[in-house]
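After the structure tokens below, expect a handful of questions from me.
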Amino acid sequence: MTAKKHLSNQNVEKAKGAGYLKRSLAVLGPGLITGAADDDPSGISTYSVAGAAYGYSTLWIALLTFPLMASIQLMCARLGMVTGRGLAASVRMHYPRWVLWGSCSILVVANIINIGADLGGMAEATQLITGIRALIWIPVYAMLIIGLLIWSSYKLITRIFKWMTLVLFAYVFASFYAHVDWRHALAVTFVPHLEWSRGFLAVLVAILGTTISPYLFFWQAAEEVEEGRTKGRGLADRKNATAADLRSARADTMVGMFFSNFIMYFIILTTAATLHAHGQTDITTARQAAEALRPLAGNGAYLLFTLGLIGTGMLGVPVLVGSCAYAVAEGAVWRGSMADKPRSAPKFYAVMAVAMAVGLVLNYLGFNAVKMLFWSAVINGLLAPPLILLVILLTSSQKVMGKRVNPPLLKYLGWATFAVMTAAAVGMIITS
């Protein structure tokens, strides 16, 4: 009898554990997808360039960016949940038209450059293992992504390709095969290293720009609205976010941003221990970037690197074109959602198609793929501060948020993010 009771108690505990895990996973949604999409090909390339050029001395930036990016993304999530509207729609309702279309223009310019860079990075990485020229793969990936978005849904893309982003954990494992100087790495992680030079400040702006990116602000707010729609909530319901809803959004956002920065840290660490340590400080090709994985994967390094770039690109590029479409559609008051079919929202999908087409064309202008990936991150970093300012002002306004304005800590972190991004951008411009 006692044994049966013991087994019964064990089963109850297992059921409770399984239930807790299920509830925890159910909380994860837009924040996790945003964090995964943040490590797009532009991010991977930027972190690789940083590790190769400056070794371990940029590791501290991963610690710096985590609370900063988490605060801004959480503000965007709260904005979408509390108002029931995306970022562009909120700007349209509370600011003049020039502010609305100025912010949308900043987003579209940054996104199109990023789309072109990501497509080029995916194509060049694929060339490594196929031998087929990158310029042939670029339209293939562009048409594949647009086709999936039109004929299926972004949710299907995430189900298929989000698991490919797990290949990025190869950088974590590779660090244990790469003879990392852990004492030095940990020392510079907690003691910031700064250089007053154009190169270092460009890397700093690029890392900030690829982690705290304009497109993620619009995407996070829009996806929180979409989450409400999928649960059958009307606008009035979506505008009444409960304290439990906001706690769930905070957990989701924190997990997503931690995942993004965790991967960033190990990409910089591994490239520093392999490329920088062996004098390879200037990365210009995908082949050079992939060499960081050789201690772990040997000749399979190129395959791992390619799978990682394809997986992150298939997540990141739809977010880039989608955030363009959400911003323009909200600003112009068009019907538009990635849950809609093209027939129901033709203008929304037209914006996506045009953004993809222009990004594709950029690759045929002769830019180096790796440099294009890096400089797209720099451009994001330069254009982000005015949008961060808008996010802070909107989410700190009682007129917009009612009683759900930013709590003090979130507000302070938001202003710190604005200050750091602005200072880095100004410093880079001055040294140029």
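Start at 1 with the first residue, then count along the sequence.
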**Q.** S90 side-chain N/O to G86 backbone N/O, donor-acceptor pair under 3.5 Å
**A.**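 Checking the backbone N and O of G86 against the side chain of S90, a donor-acceptor pair under 3.5 Å is found.
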(Q) When you compare the side chain of P96 with that of W101, does any pair of heavy atoms fall below 4.5 Å? (A) no
Q: Show your working on side-chain contact (heavy atoms from CB on, under 4.5 Å) between L315 and V319 and close with a plain yes or no.
A: CA-CA 7 Å; L315 274 174; V319 172; 5.8 Å; no
Q. What is the minimum heavy-atom distance between L309 and P41, and which atoms define it?
A. O-CG, 3.7 Å
Q. With no hydrogens and no angle check, is any side-chain donor or acceptor of S213 less than 3.5 Å from a backbone partner on Y215?
A.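 Flag not set: sc S213 to bb Y215 has no pair under 3.5 Å.
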Q: Evaluate the side-chain hydrogen bond (donor to acceptor under 3.5 Å, both in side chains) criterion for residues T271 and Y171: first the C-alpha distance (whole Å), next the side-chain angles of each, then the deciding distance (0.1 Å), finally the verdict.
A: CA-CA 9 Å; T271 51; Y171 285 98; over 6 Å; no
Q: Side-chain contact test, heavy atoms from C-beta onward, threshold under 4.5 Å: evaluate it for F66 versus F258 and give yes or no.
A: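 Heavy-atom side-chain distance check passes, below 4.5 Å.
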Q: Verify, without hydrogens or angle tests, whether S323 (side chain) and W219 (backbone) share a donor-acceptor contact under 3.5 angstrom.
A: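 Not a single qualifying donor-acceptor pair exists.
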Q.
Please confirm whether the ring centroid of H193 lies under 6.0 Å from the ring centroid of Y56.
A.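 Ring-ring flag for H193/Y56: false, centres at least 6.0 Å apart.
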Q. Given the rule in the side-chain contact (heavy atoms from CB on, under 4.5 Å) test, do M257 and T253 qualify, once you have shown the distances and angles that lead to the verdict?
A. CA-CA 6 Å; M257 299 310 108; T253 302; 4.1 Å; yes
(Q) One pair to check against side-chain contact (heavy atoms from CB on, under 4.5 Å): N299 and R294. What are the steps and the verdict? (A) CA-CA 7 Å; N299 292 331; R294 185 170 288 281; 3.1 Å; yes
Q: Check whether the side chains of T274 and E291 place a donor and an acceptor atom closer than 3.5 Å, and report yes or no.
A: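 No, E291 and T274 have no side-chain donor paired with an acceptor closer than 3.5 Å.
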Q) Side chain of R92, backbone of E330: donor and acceptor closer than 3.5 Å? A) yes
Q. Nearest 0.5 Å, what's the CG-CZ distance between D245 and R247?
A.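 Going from CG on D245 over to CZ on R247, the span is 9.0 Å.
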Q.
So for atom OH, which belongs to Y412, do other residues, nucleotides or ligands contribute more than 12 heavy atoms lying within a distance under 6.0 Å?
A.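 Atom OH in Y412 is not packed in, count stays at 12 or less.
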Q | L394 versus V400, closest heavy-atom pair with distance | A | O-CB, 3.4 Å
Q) Between Y141 and I310, is a side-chain contact (heavy atoms from CB on, under 4.5 Å) present by the stated rule, with each step listed? A) CA-CA 9 Å; Y141 282 125; I310 292 173; 3.2 Å; yes
Q) Between F259 and F169, how do the two ring planes meet: parallel, tilted or perpendicular, split at 30° and 60°? A) tilted
Q: Answer with yes or no after comparing the ring centroid distance for F266 and F262 against a 6.0 Å cut-off, counting only values under it.
A: yes
(Q) Less than 4.5 Å apart, side chain to side chain, heavy atoms only: is that true for R250 and L246? (A)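 No; the side chains remain at least 4.5 Å from each other.
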Q) Is the side chain of R133 donor-acceptor paired with the backbone N or O of E124 at a distance under 3.5 Å, no angle test? A) no
Q. Would you say the side-chain atoms of N111 pair up with the backbone N or O of L320, donor to acceptor, closer than 3.5 Å?
A.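 Checking the backbone N and O of L320 against the side chain of N111, a donor-acceptor pair under 3.5 Å is found.
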Q | Approximate separation, where rounding is to 0.5 Å, of L194 CG and L204 CG | A |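 Output value for this atom pair is 7.0 Å.
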Q: State whether the side chain of N368 and the backbone N or O of T284 hold a donor-acceptor pair below 3.5 Å, judged by distance alone.
A: yes
Q) Can you find a side-chain donor-acceptor pair between T65 and N261 that sits under 3.5 Å? A) yes
Q. Just wondering, more than 12 heavy atoms not from W151 lying within 6.0 Å of its CH2?
A. no
Q: Working to the nearest 0.5 Å, report the span between CZ of F418 and CG of L389.
A: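 CG of L389 is found 5.0 Å from CZ of F418.
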Q.
Can you tell me how far apart CG (L128) and CG (L303) are? Round to the nearest 0.5 Å.
A.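 So the gap between those two atoms works out to 10.5 Å.
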(Q) Restricting to non-hydrogen atoms, name the atom on G308 and the atom on L168 that form the minimum distance, rounded to 0.1 Å. (A) CA-CD2, 4.4 Å
**Q.** Sub-4.5 Å side-chain heavy-atom contact between Y364 and V361
**A.** no
(Q) Within a 6.0 Å radius of atom OH on Y177, are there more than 12 heavy atoms belonging to other residues, nucleotides or ligands? (A)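 For Y177, atom OH is not crowded (no more than 12 foreign heavy atoms under 6.0 Å).
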Q. In Å and rounded to the nearest 0.5 Å, what is the CD1 to CE distance from I379 to M372?
A. 8.5 Å
Q) Taking C-beta and beyond as the side chain, do R78 and L410 meet within less than 4.5 Å on heavy atoms? A) yes
Q: With rounding to the nearest 0.5 Å, note down the distance linking CG in L275 to CG in D282.
A: 11.0 Å
Q. Distance only, no hydrogens: is a donor on one side chain within 3.5 Å (strictly under) of an acceptor on the other, for N406 and T395?
A. yes
**Q.** Closest non-hydrogen atom pair, S42 against N114
**A.** CB-OD1, 3.5 Å
(Q) Aromatic contact between Y349 and W334, with the criterion being ring centroids under 6.0 Å apart: yes or no? (A)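 So the answer is no for these two rings.
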(Q) Before you tell me yes or no, could you show the steps for Q127 and Y302 under side-chain hydrogen bond (donor to acceptor under 3.5 Å, both in side chains), namely the whole-Å CA-CA distance, both residues' side-chain angles and the distance that decides it to 0.1 Å? (A) CA-CA 10 Å; Q127 181 180 333; Y302 302 146; over 6 Å; no
Q) T189 side chain to A185 main-chain N or O, any donor-acceptor pair under 3.5 Å? A) yes
Q) Which atom names give the shortest non-hydrogen contact between M428 and L201, and what distance separates them? A)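 Here M428 and L201 meet closest at N-CD1, 3.9 Å.
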(Q) Please check this pair: side chain of D40 against backbone of G313, looking for a donor-acceptor N/O pair closer than 3.5 Å. (A) no
Q) Within 45° of the axis and under 6.0 Å from the centre of the six-membered ring of F305, does NZ or CZ of R287 qualify? A)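 Ring-cation test returns no.
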Q) Within the distance-only criterion (no hydrogens, no angle test), does the side chain of T270 pair as donor or acceptor with the backbone N or O of I267 below 3.5 angstrom? A)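 No; judged by distance alone, with no hydrogens or angles, the pair does not exist.
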Q) Would you say M338 and M352 make side-chain contact, with heavy atoms under 4.5 Å? A) yes
Q.
Do Y47 and D39 have side chains that approach each other closer than 4.5 Å (heavy atoms only, starting at C-beta)?
A. yes
(Q) I need the minimum non-hydrogen distance between G199 and Y54, along with the two atoms involved. (A) C-OH, 3.1 Å
